[in-house]
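All of these numbers come straight from a predicted model, not from anything done at the bench.
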Amino acid sequence: MYHGKQKFSEFISEPIDNLYHRKIIGPLRNQREVLVPEKRLRIYHSFLNLFLIEFLPINQRVVFSYRKGCSAYDAVVKHAKSKHFFQTDISSFFSSINTNLVSKVITDGEEFCPAGDILDNLPRIINLICINDSLPMGFPCSAPMSNAVLLNFDNALEQHCIAHGLIYTRYSDDIIISTENKESLTDINIIVQSFLTQHGATELKLNEKKSKNFRVGGKIVILGLMILPNGKVTIDSKVKRDVEALLHRHSQGREAFLAAIDKDEDRVKAKITGYLNYINSVDQDYLGKLRRDFGVTVIDTFLHRPLPKRRVKNEVEHQDN
């Protein structure tokens, strides 16, 4: 796989403490510690993703997070014709996925993987994927593993929803259920929590503060996307105002642009590029409006502006929160 540049002996035995470091981030009053994988651990995770985790079964009918070719739009558009909605998320999602849950999903899915010695090396694989008995956020294996660990829950909740005329989708820790009939959502939060418990995810708890019911008639915003009364899914109006303001300032010339933004130019341009790529994946009609208002060349130049992937991801990440 790596043409001699990596040693299997190190993959199997290198002390895990050598493979990541701790970093303090955030403003002084709200600092927090995060774990940062070293390059070797990223390589090991890429290997595990390629030969193990990407083969673990997930319910592709309802789960749209961390999948190539899928986005938050795919999770939202299935609800576009509904009238009543329930949305919640799972508290401390990644940190609540423990080694027992990860071990079980790998053991259950081992038959689908091409490697023949998965179970022989399971303790080491768990040791590489989990730190302090949980999935660390930002590690390469954590996102795809979070899709797989809820397979049984996703299947059971999907069947319940089908039987009761409900639509269910999940985007990472965000759970969305909708229907034409309000009564079908009665006690839905209790039902969802019971399915988590029944299917082995006993550490996962719904976030009551973020659990809400809403209906057509008010502003319907899910995962940063807005469902219009006619069922069309588009960008939230707040995002539209922001990107239009930035493009307007840019259209006034570089000096005026720099004077208006009072920030790092590259970072603001990265933000515009992030917005436009996000819009391009969600609402072509609105992208066409921006091209008419600000010029095809301007919009396409931003769309094709080369940027580090991590920077673009950071600029649009808030849309999926």
Can you check whether Phe294 and His250 have ring centres sitting under 6.0 Å from each other? no
Can you tell me how far apart CG (Leu303) and CD1 (Ile299) are? Round to the nearest 0.5 Å. 7.0 Å
How far apart are the C-alpha atoms of Glu244 and Arg249, what are their side-chain angles, what is the distance that settles it, and do they pass the side-chain contact (heavy atoms from CB on, under 4.5 Å) test? CA-CA 9 Å; Glu244 288 179 20; Arg249 291 167 183 167; over 6 Å; no
Show the atom names and distances, to 0.1 Å, of all donor-acceptor pairs under 3.5 Å that link a side chain in residues 129-138 to residues at least two apart or in another chain.
from	atom 1	to	atom 2	distance (Å)
Asp133	OD1	Thr99	N	3.1
Asp133	OD1	Thr99	OG1	2.6
Ser134	OG	Ile131	O	3.4

Check: Val77 and Leu225 side chains under 4.5 Å, non-hydrogen atoms: no
Donor-acceptor under 3.5 Å (Ser194 side chain, Ile191 main chain): yes
Measure across Gln87 and Val221 and return the closest heavy-atom pair with its distance rounded to 0.1 Å. OE1-O, 4.0 Å
Using only atom types and a distance under 3.5 Å, with no angle test, would you say the side chain of Glu14 pairs donor to acceptor with the backbone of Leu19? no
Considering only distance and modelled atom types, tabulate donor-acceptor pairs under 3.5 Å from the side chains of residues 112-123, sequence neighbours left out.
from	atom 1	to	atom 2	distance (Å)
Asp117	OD2	Asn121	ND2	3.3
Asn121	ND2	Asp117	O	3.1

Minimum heavy-atom distance between Gln193 and Leu206, given as atom pair plus value: OE1-N, 2.9 Å
Rounded at 0.5 Å granularity, tell me how far CE in Met145 sits from CD1 in Ile58. 12.0 Å
ring-ring contact (aromatic ring centres under 6.0 Å, His included) filter on Phe64, not counting sequence neighbours, yields none
Just checking Lys78: does its NZ atom have more than 12 heavy atoms from other residues, nucleotides or ligands closer to it than 6.0 angstrom? no
Less than 4.5 Å apart, side chain to side chain, heavy atoms only: is that true for Met1 and Leu50? yes
Under-4.0 Å salt bridge between Glu265 and Lys269: yes
Within a strict 4.5 Å, meaning less than it, do heavy atoms of the Leu41 and Asn18 side chains meet? no
State whether a side-chain donor-acceptor pair under 3.5 Å links Lys210 with Ser91. no
Donor-acceptor under 3.5 Å (Thr169 side chain, Ala75 main chain): yes
Kindly write out the residues that satisfy salt bridge (charged side-chain N to carboxylate O under 4.0 Å, His left out) with Arg124, not counting sequence neighbours, or none if the list is empty. none
Within the distance-only criterion (no hydrogens, no angle test), does the side chain of Asn280 pair as donor or acceptor with the backbone N or O of Leu276 below 3.5 angstrom? no
Side chain to side chain contact (heavy atoms under 4.5 Å, CB included) partners for Asp285, two or more places apart: Lys232, Asp283
Would Ser65 and Asn147 count as having a side-chain donor-acceptor pair, cut-off 3.5 Å? yes
Excluding sequence neighbours, so at least two apart, what forms salt bridge (charged side-chain N to carboxylate O under 4.0 Å, His left out) with Arg292? none
side-chain contact (heavy atoms from CB on, under 4.5 Å) for Tyr168 and Asp154? Distances and angles first, verdict last. CA-CA 9 Å; Tyr168 162 55; Asp154 289 325; 2.6 Å; yes
salt_bridge(Lys219, Asp236) N-O dist < 4.0 Å: yes
Got a second to check how far Arg42's CZ is from Glu38's CD, nearest 0.5 Å? 9.5 Å
Do Lys212 and Thr88 come within less than 4.5 Å of each other through their side chains, counting heavy atoms only? no
Between Asp300 and Thr297, is there a donor-acceptor pair closer than 3.5 Å when you use the side chain of the first and the backbone of the second? no
With heavy-atom distances below 4.5 Å as the criterion, would you say the side chains of Val192 and Leu157 are in contact? yes
Could you tell me which non-hydrogen atom of Val149 sits nearest to which non-hydrogen atom of Ser146, and how far apart they are? CG2-O, 3.6 Å
Taking the side chain as everything from C-beta on, heavy atoms only, tell me whether Asn49 gets closer than 4.5 Å to Pro144. yes
Answer yes if the side chains of Tyr286 and Thr234 hold a donor-acceptor pair under 3.5 Å, and no otherwise. no
First locate atom CD of Glu33, then atom CD1 of Ile24, and finally report the distance between them rounded to the nearest 0.5 Å. 4.5 Å
Rounded to the nearest 0.5 Å, how far does OG of Ser92 lie from CG of Asp173? 9.5 Å
Is the number of heavy atoms from other residues, nucleotides or ligands under 6.0 Å of Glu208 CD greater than 12? no
The side chain to side chain contact (heavy atoms under 4.5 Å, CB included) partner of Leu150 among Leu204, Val63, Val62 is Leu204
Sidechain-backbone polar pair: Thr273 side chain, Phe302 backbone, donor-acceptor under 3.5 Å: yes
Quick one: does Thr202's side chain have a donor or acceptor within less than 3.5 Å of a partner on Thr197's backbone? no
Is any side-chain heavy atom of Leu48 closer than 4.5 Å to a side-chain heavy atom of Cys141? yes
Closest heavy-atom pair, Ala156 versus His199, reported as atoms and distance to 0.1 Å, is CB-NE2, 3.1 Å
Carboxylate-amine/guanidinium proximity below 4.0 Å for Asp89 and Lys205: no
In residues 100-109, what donor-acceptor pairs under 3.5 Å come from side-chain atoms, sequence neighbours left out?
from	atom 1	to	atom 2	distance (Å)
Lys104	NZ	Asp108	OD2	2.7
Thr107	OG1	Ser103	O	2.8

Spacing of Ile90 atom CD1 and Ser96 atom OG [to the nearest 0.5 Å]: 8.5 Å
Output every pair passing ring-ring contact (aromatic ring centres under 6.0 Å, His included) with a member in residues 75-95, not counting sequence neighbours, ordered by first then second residue. Phe85-Phe214
Apart from Val36 itself, what residues make up its hydrophobic cluster when side-chain heavy atoms of I, L, V, M, F, W and Y under 4.5 Å apart count as a link, directly or indirectly? Ile25, Val34
Do Val216 and Lys81 have side-chain heavy atoms sitting under 4.5 Å apart? no
Can you list the residues that meet the side chain to side chain contact (heavy atoms under 4.5 Å, CB included) rule with Gln159, with sequence neighbours excluded? Ile162
Test your reading of the model: is there a side-chain donor-acceptor pair from Ser172 to the backbone of Asp174, 3.5 Å cut-off? no
Residue pairs involving residues 12-47 (criterion ring-ring contact (aromatic ring centres under 6.0 Å, His included); sequence neighbours excluded): Phe11-Tyr44, Phe11-Phe47, His45-Phe139, Phe47-Phe51
Modelled atom types, side-chain donor and acceptor of Asn59 and Glu158, under 3.5 Å: yes
Where do Asp74 and Arg67 land on the salt bridge (Lys or Arg N to Asp or Glu O under 4.0 Å) test, with the steps shown first? CA-CA 11 Å; Asp74 299 288; Arg67 288 177 52 199; over 6 Å; no
Taking His164 for the side chain and His160 for the main chain, is one N or O donor matched with an acceptor at less than 3.5 Å? yes
Which ILVMFWY residues are connected to Leu151, directly or by a chain of links, through side-chain heavy atoms under 4.5 Å apart? none
